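Single-structure report; data block below.
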Amino acid sequence: MVRSLRCTTYAMRNQTPMMTPRESARMLGVSYATVKQWILSGKLKTVQTPGGHHRVSAATLKPFLEKDKMRPSVESRQRFRRVSGRNQLAGKIVSLRVEGLLAEVVLTVGDAQVTSIITANAARELQLKKGDTVAALIKSTDVMIERFE
């Protein structure tokens, strides 16, 4: 109970909106481990709560977000902030085959190929075609396709 009061007092004293490292990672589109490394190396400035937990102000994240906006959309982490899946591989479609209700999408990611089976409707809605730059979103055993603008 005393700890909660201390944290509340801290929050009231500090009027700047503060986030946990995990919330900051989500906002930046990077992993929690990356944010922790940045904190420990001094790259990301934080304030510590009376309990020793790190908190990051929104103002501290602004330069990271601005720098990311300057990158081409394919390299930007902004798309990670729109999608809950974090395992995303950007690549080019080398093969697209639509048969019946399903579509097979094969893309190259570096030296590897990733194959995804999606619905034919999804392929049509995304207007996928050979040569498009897309991302394979991998969640457990599922691979989804995201079209880049």
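Owing to the predicted nature of the structure, the values given are computational and were not obtained by experimental measurement. If you read the sequence from its start, that first residue is 1, and numbering goes on from there.
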- Looking at NZ of Lys36 and CG of Leu44, how far apart are the two atoms once the value is rounded to the nearest 0.5 Å? 10.5 Å

- Drop me the distance from Leu40's CG to Gln37's CD, to the nearest 0.5 angstrom. 8.0 Å

- Locate the shortest heavy-atom distance separating Phe64 from Lys43; write the atom from each residue and the value. CZ-O, 3.7 Å

- Item | Co-members of Leu101 in a cluster of I, L, V, M, F, W and Y side chains, linked at under 4.5 Å | none

- Item | Separation of Glu99 CD from Arg97 CZ (nearest 0.5 Å) | 4.5 Å

- Query: CG of Leu96 to CG of Leu107: how many Å apart, nearest 0.5 Å?
  - Reply: 10.5 Å

Taking only distance into account, with no hydrogens and no angle test, what donor-acceptor pairs under 3.5 Å do side-chain atoms of residues 110-126 form with protein atoms, sequence neighbours excluded?
from	atom 1	to	atom 2	distance (Å)
Ser116	OG	Val143	O	2.6
Thr119	OG1	Ala122	N	3.0
Asn121	OD1	Arg124	NH2	3.0

- Task: Step by step, work out the side chain to side chain contact (heavy atoms under 4.5 Å, CB included) result for Val106 and Ile93.
- Result: CA-CA 6 Å; Val106 180; Ile93 296 177; over 6 Å; no

- Drop me the distance from His54's NE2 to Ser24's OG, to the nearest 0.5 angstrom. 11.5 Å

- What's the shortest heavy-atom distance between Tyr32 and Pro21, and which atoms? CE1-CB, 3.8 Å

- Message: Between Thr46 and Arg55, is the side chain to side chain contact (heavy atoms under 4.5 Å, CB included) condition met? List the steps.
- Response: CA-CA 5 Å; Thr46 64; Arg55 295 294 178 257; 6.0 Å; no

- Heavy-atom distance under 4.5 Å between the side chains of Val47 and Ser57, does that happen here? no

- Message: Pairing donors with acceptors under 3.5 angstrom, does anything connect the side chains of Thr133 and Lys92?
- Response: yes

- Query: Could you walk me through whether Met19 and Leu61 pass the side chain to side chain contact (heavy atoms under 4.5 Å, CB included) check?
  - Reply: CA-CA 10 Å; Met19 291 174 271; Leu61 297 180; 3.4 Å; yes

- Query: Are Trp38 and Lys45 close enough that some pair of their side-chain heavy atoms sits under 4.5 Å apart?
  - Reply: no

